[in-house]
> 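Provided herewith is a single structure, encoded as structure tokens, for subsequent inquiry.
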Amino acid sequence: DTGVSQDPRHKITKRGQNVTFRCDPISEHNRLYWYRQTLGQGPEFLTYFQNEAQLEKSRLLSDRFSAERPKGSFSTLEIQRTEQGDSAMYLCASSSSGRIMNTEAFFGQGTRLTVV
Amino acid sequence: GEDVEQSLFLSVREGDSSVINCTYTDSSSTYLYWYKQEPGAGLQLLTYIFSNMDMKQDQRLTVLLNKKDKHLSLRIADTQTGDSAIYFCARRETDSWGKLQFGAGTQVVVTP
């Protein structure tokens, strides 16, 4: 296992188009997170899954954004009708739940979206 | 994250110690983390500390937590050029497994 994998690494799209990103978490990690990072800022939480259930969503996740994790393994993040303000790095992370508190999240390398 | 603040930039000479500071406002922060991000890469977890601890040491890294002042610091001993990166402080509440709140990051530049 090589860690959290995200695809594509870069995406350029025209305003108004739909885009979809994929995240493959570390094997057997049951928790998966999506974050967005704009230039010069820290990552901002978007949403979180435990297995296939989406348990928390940020107010940042507008109606144009939807995330799924249908089988509790990989996840997709779709943005509909992209806007220039959606240009950012989209980061995925995963972690395992467990009885110990050592459940830190491991991040993928991100998908950089540019909306032109 | 406006509730987590960091200084934006730090310049340090190779071989010296670096100290990166972070303050947070929410006293319910139970877990505090330091992540490293190199250009074009994702975030790498460096270390973390629980709120019931004052200090944690891991090789060249020392984390100090002052709960009274809500102040967290990361000390890197014998700083190397490979330590040049952006360092993020983050907090998480006990029952919020999904949500890390990050600071804006401190860019550390190591000069020869």
Side-chain angles (χ1 to χ4, degrees), chain A residues 2-7 9-10 23 25-26 29-51 53-61 67 69 75 89-112, chain B residues 1-9 20-24 26 29-53 56 58 61 63 72 74 85-108:
Chain A
T2 56
V4 178
S5 176
Q6 292 188 244
D7 182 68
R9 292 290 310 279
H10 304 274
C23 171
I26 292 173
H29 274 189
N30 60 339
R31 292 184 174 142
L32 187 147
Y33 318 85
W34 285 99
Y35 286 80
R36 181 175 70 185
Q37 185 179 20
T38 53
L39 199 62
Q41 298 297 317
E44 297 172 295
F45 171 79
L46 292 179
T47 190
Y48 149 59
F49 290 85
Q50 178 153 313
N51 300 314
Q54 189 172 18
L55 297 186
E56 193 170 352
K57 291 169 60 173
S58 163
R59 284 172 293 178
L60 293 174
L61 215 64
R69 196 183 182 199
S75 175
M89 175 80 87
Y90 290 84
L91 294 164
C92 177
S94 69
S95 71
S96 62
S97 58
R99 296 178 184 175
I100 60 173
M101 292 184 284
N102 186 15
T103 55
E104 62 268 24
F106 294 87
F107 282 80
Q109 292 188 298
T111 294
R112 181 168 295 284
Chain B
E2 59 189 33
D3 293 332
V4 180
E5 293 189 356
Q6 303 177 236
S7 52
L8 294 181
F9 184 80
I20 308 167
N21 295 300
C22 171
T23 58
Y24 55 96
D26 192 337
S29 301
T30 304
Y31 303 99
L32 296 145
Y33 302 83
W34 284 103
Y35 281 86
K36 175 183 180 183
Q37 186 176 39
E38 296 181 83
L43 279 74
Q44 174 194 354
L45 177 67
L46 290 177
T47 188
Y48 59 92
I49 190 168
F50 305 137
S51 60
N52 61 354
M53 298 167 64
K56 181 178 180 182
D58 184 2
L61 305 178
V63 180
L72 182 74
L74 175 68
I86 300 176
Y87 290 80
F88 292 96
C89 168
R91 60 172 282 270
R92 178 169 72 81
E93 297 174 16
T94 309
D95 55 357
S96 178
W97 291 107
K99 186 177 179 180
L100 288 172
Q101 190 172 30
F102 286 84
T106 299
Q107 181 165 9
V108 173

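Proteins get letters first, then strands, A, B, ... in listed order; numbering begins at 1 in each. Hydrogens, waters and symmetry mates play no part in the numbers below; they use all other heavy atoms, side chains included. Predicted model only: the values in this text are computed from it and were never measured.
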> Suppose we screen for side chain to side chain donor-acceptor pair (under 3.5 Å). Which residues come up paired with Gln107(B), at least two apart in sequence or across chains?
none
> Heavy-atom distances under 4.5 Å only: say whether Gln6(A) touches chain B with side chain, backbone, both or neither.
neither
> Is Leu45(B) in contact with chain A via its backbone, its side chain, both, or neither, using a 4.5 Å heavy-atom distance?
side chain
> Non-hydrogen atoms of chain B under 4.5 Å away: do they reach the side chain of Arg112(A), the backbone, both or neither?
neither
> Hey, are the side chains of Trp34(B) and Cys22(B) touching, using non-hydrogen atoms and a 4.5 Å cut-off?
yes
> Taking ring-ring contact (aromatic ring centres under 6.0 Å, His included) as the test, write out the residues that go with Phe107(A), two or more places apart.
Tyr35(A), Tyr35(B)
> Within a 6.0 Å radius of atom NZ on Lys57(A), are there more than 12 heavy atoms belonging to other residues, nucleotides or ligands?
no
